[in-house]
Amino acid sequence: MIRLFDTLTGAVRPLAQRDEGKVSLYACGPTVYDHPHLGHARQAMTYDFMRRYFEWRGLEVHHAANVTDIDDNIINRAKREGSTESAVAAEWKAVYDEAIFERLNILRPHDRPHATEFVAQMVEFIETLVDNGTAYANESGVYLRVHLVEGYGDLVHRSLEELREGAGARVDVDDNKEDPLDFALWKAAKPGEPVWPSPWGDGRPGWHIECVAMSLGILGDGFDLHGGGTDLAFPHHTNERAEAIAAGRDFAQHWVHNAMLNIGGEKMSKSLGNYTTIGALLDEHPDNGRALRLALLQTHYRKVMELNPAVMEQAREGVKRLDAMARKATSAGVPLDGPERDTGAITAFTTAMDDDLGTPEGVATMFETIRRANAALDVGDDTAGALVATAVELAEAMGLEVQRTKPTGDDTDIDALVVARTQARAEKDFVEADRIRDELTALGITVEDTPNGPIWHRS
RNA sequence: GCGCCGGUGCCCGAGCGGCCCAAGGGAACGGCCUGCAAAGCCGUACAGUCGCGGGUUCAAAUCCCGCCCGGCGCUCCA
């Protein structure tokens, strides 16, 4: 049975499943107005791990993630560039998609609703709240009466009084609100901003209402999982939940939050300006995509993790072990996708992953299996097939791709050099053999001699 | 200030009451293999004990209390 930590109850509990055999997952997506950074990667990767594992376990996953394509940051950028909000959003969404889905091998959500496509549903939702008296409208917008919401601060385990203390001390008191804790559902039009019509005048939706309208609209009432970074638990998720409760709707059954990514001991974020963009990291080394995935897998998703060049380098070395095993198996004629499995390893992996997505232990099991596969391969033991196939399956269940073939390209020159070296070795002309190997090394090629002849790969 | 989460080997990082004289990865060292390498395997060292001090228990890295240090949230934020 799959169990996951639930932020609301503060405990690990069985994964909610509204419908047997299925999981509905809503993960808050990006606001698209700039380069995505490594924090975004951790967030998207965390829900990718979950989805892949659920699917590996045979569950049918419905994964939805929004794209916020209208907000202050987008408006400001459009203004600054003399562009339009929709053009800015489209441009940065494309950058996000390329980095996340193409380069990081993260599975695309089944649904990617854009906020601007759901304004009608949001207006309808707000009307319900105004009609039942939990929301009020004035010249500046529509607000939710937070004190009417049962268990408002439960997600962050704080009482209304405790939250009010924070709000009073830190936020400028807004005369338009009855209570400092109340928040905007609808923002009245400001000059020069894009607007949509509503019963309360032209304006645009507040941030939280988007996710409520989209998650409920796509996944339906009482969907299973709602996720995002811990920094969204308050106010974003708290307010989404409040809106649903105020409307009398059954919302997410299970809340999951991934921890932050630190750089030099501090949270990586836009506002601190200490972020590395995904593109920049990926450009540094061809293996960085898989290395980042491995580094992320080796730390539990709920634990703050530090990411720096040393961590990346260590992860890159780890990824090499996977490819090296695949090469060794292939040269020995052992298929990577044979039918046999090592049940002990499969069981260990399943147990670890079922327990709150224990990817660090899952990775440990994978490496353990690689070690055993290599040992079996070395002596030609017939358990090698099952061990190799198991290791590959576990790696790919976590989204770590194994390099199966030589990189594409014109390899005839390299093959010719390798053949010439083999010839020289056969003739015991080691001086010439080593000269050729140096030549290959200069080309970025590593040759390995195996009992079945030489194999090479790009280093 | 309030709330929450952490502090484990040289580095990253699991474990969260007995199976721990503490997983896995990286780095190091020795051996085997190799013409030499590479890759791999085997082994060794590194945690004299898991931030510090008390306590509970037959038993604690794991539970409780206090303290120190770090992070996150309370504000746009993954």
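For A/His208 and A/Phe183, the gap between ring centers is short of 6.0 Å.
In this entry B/C2 has B/G73 as its Watson-Crick or G-U wobble partner, both defining distances falling under 3.5 Å. In this structure, B/C21 makes no Watson-Crick or G-U wobble pair, since no nucleotide meets both defining distances under 3.5 angstrom. Within the shown strands, nothing qualifies as a pairing partner of B/A47 under the Watson-Crick or G-U definition with both distances less than 3.5 Å. Base-pair partner of B/G40: B/C32 (Watson-Crick or G-U wobble, both distances under 3.5 Å). Judged by Watson-Crick or G-U wobble contacts below 3.5 Å, the nucleotide B/U57 has no partner. A 3.5 Å limit on both hydrogen-bonding distances identifies no Watson-Crick or G-U partner for B/C16.
Contact annotation for A/Gly229: backbone-only contact, meaning every heavy-atom pair under 4.0 Å involves sugar-phosphate atoms and none involves a base. Within the 4.0 angstrom heavy-atom criterion, base atoms lie near A/Val447. Base engagement by A/Asp449 is indicated by at least one non-hydrogen atom pair under 4.0 Å involving a base atom. At a threshold of 4.0 angstrom between heavy atoms, the contacts of A/Ala295 with the nucleic acid are absent. Using a 4.0 Å heavy-atom cutoff across all strands shown, A/His236 reaches no nucleic acid atom at all. Residue A/Arg372 is classed as having no contact, given no heavy-atom separation below 4.0 Å to the nucleic acid. Residue A/Met268 is in base contact, counting any heavy-atom pair closer than 4.0 Å across all strands shown. Contact annotation for A/Leu294: no contact, since no heavy-atom pair falls under 4.0 Å across all strands.
Of the C1' atoms belonging to B/C21 and B/G31, the separation is 25 Å, rounded to the nearest Å. As rounded to the nearest Å, B/U34 and B/C20 have C1' atoms that lie 39 Å from one another.
For A/Asp434, the side-chain atoms get nearest to B/C36 when compared with the rest of B/C36, B/C2, B/A78. For A/Asp231, counting side-chain heavy atoms from C-beta on, the closest listed nucleotide (B/G73, B/A14, B/G71) is B/G73. When each of B/G26, B/A78, B/C41 is scored by its nearest atom to the side-chain atoms of A/Gln314, the top-ranked nucleotide is B/G26. Comparing atom distances between the A/His40 side chain and each of B/A78, B/A14, B/C74 picks out B/A78 as nearest. When distances are taken from the side chain of A/Phe430 to each of B/G35, B/C2, B/C74, the shortest belongs to B/G35. Out of B/G26, B/A37, B/G40, the shortest distance to the side chain of A/Glu317 is found at B/G26. The nucleotide whose nearest atom lies closest to any side-chain atom of A/Glu368 is, among B/G24, B/C74, B/C41, B/G24. Comparing B/C74, B/A78, B/G24 by their closest approach to the side chain of A/Arg158 singles out B/C74. For A/Ala324, the listed nucleotide lying nearest its side chain is B/G40; candidates were B/G40, B/A78, B/C12. In this structure, the nucleotide among B/A78, B/A39, B/C41 sitting nearest to the side chain of A/Arg371 is B/C41.
When rounded to the nearest whole Å, the span between CG of A/Asn374 and C1' of B/A38 equals 14 Å. In this structure, A/Leu181 places its CG atom 19 Å from P of B/C2, rounding to the nearest Å. Here B/A78 presents its C1' atom at 12 Å from CG of A/Leu296, a figure rounded to the nearest Å. Atoms CG (A/Asn262) and C1' (B/G71) sit 6 Å apart, rounded to a whole Å. With rounding to whole Å, A/Met398 atom CE is found 12 Å from B/G25 atom C1'. Counting to the nearest Å, the C1' atom of B/G40 and the CD1 atom of A/Ile455 are 11 Å from each other. Rounded to an integer number of Å, the gap from A/Asp6 CG to B/C4 P is 17 Å.
Inter-residue side-chain proximity for A/Leu307 and A/Met268 is flagged as unmet; no heavy-atom pair is nearer than 4.5 Å. A/Leu163 has its side chain within reach of A/Tyr152: a pair of non-hydrogen atoms, C-beta onward, lies under 4.5 Å apart. Using a 4.5 Å cut-off on side-chain heavy atoms (C-beta onward), A/Asp224 and A/His254 make no contact.
Stacking here means ring centres nearer than 5.5 Å and ring planes tilted less than 30 degrees, and by that measure A/Phe367 does not stack onto B/G24.
Residue A/Ala310 is the one, among A/Leu38 and A/Ala310, whose nearest nucleotide of RNA chain B lies closer to the 5' end (criterion: closest heavy atom). Closest-nucleotide positions on RNA chain B for A/Gln43 and A/Met325 were compared, and the one nearer the 5' end corresponds to A/Met325.
Distance check, rounded to the nearest 0.5 Å: NE2 of A/His257 to CG of A/Asp6 gives 9.5 Å.
Residue A/Asn258 places no side-chain N or O under 4.0 Å from the OP1 or OP2 atom of B/A78. At B/A14, one or more side-chain N or O atoms of A/Lys303 fall inside 4.0 Å of OP1 or OP2 (strictly under the cut-off). At least one side-chain nitrogen or oxygen of A/Lys267 sits closer than 4.0 Å to the OP1 or OP2 atom of B/G73. Not one side-chain nitrogen or oxygen of A/Arg316 sits closer than 4.0 Å to the OP1 or OP2 atom of B/A27.
Contact between A/Pro205 and A/Val119 at its shortest, heavy atoms only, is CG-CG2, 4.5 Å.
At a cut-off of 3.5 angstrom, counting only N and O atoms as typed in the model, there is a donor on one side and an acceptor on the other between the side-chain of A/Arg425 and the base of B/G35. For a distance-only test at 3.5 Å, the side chain of A/Arg437 qualifies as a donor-acceptor partner of the base of B/C36. Taking only distance into account, the side chain of A/Asp355 never meets the base of B/C16 through a donor-acceptor pair shorter than 3.5 Å.
Applying the 90° criterion around 0 to the glycosidic angle, B/G53 comes out anti.
Remark: side-chain polar atoms of A/Arg421 are not paired, donor with acceptor, to backbone N or O of A/Arg437 under 3.5 angstrom.
With a 6.0 Å radius and a threshold of 12 heavy atoms from other residues, nucleotides or ligands, A/His300 has its NE2 atom above the threshold.
Geometrically, A/Arg158 does not engage A/Phe234 in a cation-pi contact, judged by NZ or CZ lying under 6.0 Å from the ring centre and within 45° of the ring axis.
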